[in-house]
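Owing to the predicted nature of the structure, the values given are computational and were not obtained by experimental measurement.
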Amino acid sequence: MSTTPPKKNASAATTTATTTLWRPTGPVELDLVRALDWRAWPPRLPEQPIFYPVLNEDYAIRIARDWNVKHSGVGFVTRFEVDTAFLARYPVRQAGGETILELWVPAEELDEFNAHIVGRIEVVREFR
């Protein structure tokens, strides 16, 4: 995980140490994030019991480019900051090689996870 220096949390008067996370996504999910003012991830679908942000941009790029483009015609890589102390509850999961690292957030905890996002979710890459 990439930990960044403390940032001023827009919703609180304190500074918070944050961790940078990435999420590869398709156009449907990105539209839902946009509707949430770039501040939260939408609820999971019934067949999606886990929300998984990833810990490095390279892994997110591979998924967006190789999976999302194939299935949706376009893939996006998003980047966002989350309160580091809050993330301690989620062990890092290695989903393959050394750099294929994810956090597994149960769908029922996504609202709480969203409450610990610091700042806005931003699109950093697009693939077609």
Open item on the list: With a 4.5 Å cut-off on side-chain heavy atoms, are Val77 and Tyr59 touching?
Closed with: no
Task: Contact check, side chains of Pro53 and Phe80, non-hydrogen atoms, under 4.5 Å - done: yes
Task: From CZ (Arg65) to CZ (Phe76), nearest 0.5 Å - done: 15.5 Å
TODO: Answer whether the closest heavy-atom distance between the side chains of Leu21 and Leu55 falls below 4.5 Å.
DONE: yes
Task: Nearest heavy atoms of Glu126 and Val74, plus distance in Å - done: CG-CG2, 4.0 Å
Open item on the list: Starting from Val69, can I reach Trp67 by hopping between I/L/V/M/F/W/Y residues whose side chains sit under 4.5 Å apart?
Closed with: yes
Open item on the list: If I take atom CD from residue Gln94 and atom CD1 from residue Ile100, how far apart are they, to the nearest 0.5 angstrom?
Closed with: 8.0 Å
Task: Nearest atoms (heavy-atom pairs only) where Glu29 meets Pro24 - done: OE1-O, 4.3 Å
TODO: Give a yes or no on this: more than 12 heavy atoms of other residues, nucleotides or ligands lie within 6.0 Å of atom CD of Glu98.
DONE: no
Task: Worked check of side chain to side chain contact (heavy atoms under 4.5 Å, CB included) between Val92 and Leu103 - done: CA-CA 5 Å; Val92 174; Leu103 298 179; 4.1 Å; yes
- [ ] Establish whether Val123 and Ile121 are linked, either directly or via other cluster members, by ILVMFWY side-chain heavy-atom contacts under 4.5 Å.
- [x] yes
Open item on the list: Could you check whether any side-chain N or O of Asn56 sits under 3.5 Å from a backbone N or O of Thr99, counting only pairs where one atom can act as donor and the other as acceptor?
Closed with: yes
Open item on the list: Taking the side chain as everything from C-beta on, heavy atoms only, tell me whether Ile117 gets closer than 4.5 Å to Arg39.
Closed with: no
Open item on the list: Using 30° and 60° as the class boundaries, would you call the ring planes of Phe86 and His116 parallel, tilted or perpendicular?
Closed with: parallel
TODO: Determine yes or no for a side-chain-to-main-chain donor-acceptor pair under 3.5 angstrom, with Thr84 supplying the side chain and Ala17 the backbone.
DONE: yes
Open item on the list: Hydrophobic clusters here meaning ILVMFWY residues chained together by side-chain heavy-atom distances under 4.5 Å, can you tell me if Val124 and Ile63 are in one?
Closed with: yes
Open item on the list: Show the nearest heavy-atom pair for residues Pro42 and Val33, with the distance to one decimal.
Closed with: CD-CG2, 3.8 Å
Open item on the list: A side-chain contact here means heavy atoms from C-beta on lying under 4.5 Å apart; do Glu109 and Tyr90 qualify?
Closed with: yes
Open item on the list: Counting only heavy atoms not in Arg44 (residues, nucleotides, ligands), do more than 12 fall under 6.0 Å from its CZ?
Closed with: yes
Task: hydrophobic_cluster_shared for Ile50 and Val54, side chain cutoff 4.5 Å - done: yes
Task: Trp104 and Pro91, any side-chain heavy atoms less than 4.5 Å apart - done: no
- [ ] Check whether any side-chain heavy atom of Phe127 lies under 4.5 Å from a side-chain heavy atom of Asp66, and answer yes or no.
- [x] no
- [ ] Keeping the roles fixed (side chain from Arg23, backbone from Ala60), state whether a donor-acceptor pair exists under 3.5 Å.
- [x] no
TODO: Quick one: closest heavy-atom pair of Leu110 and Pro43, and the distance?
DONE: CD2-CA, 4.1 Å
Task: Validation row, ring centre Phe51 to ring centre Trp41 under 6.0 Å - done: yes
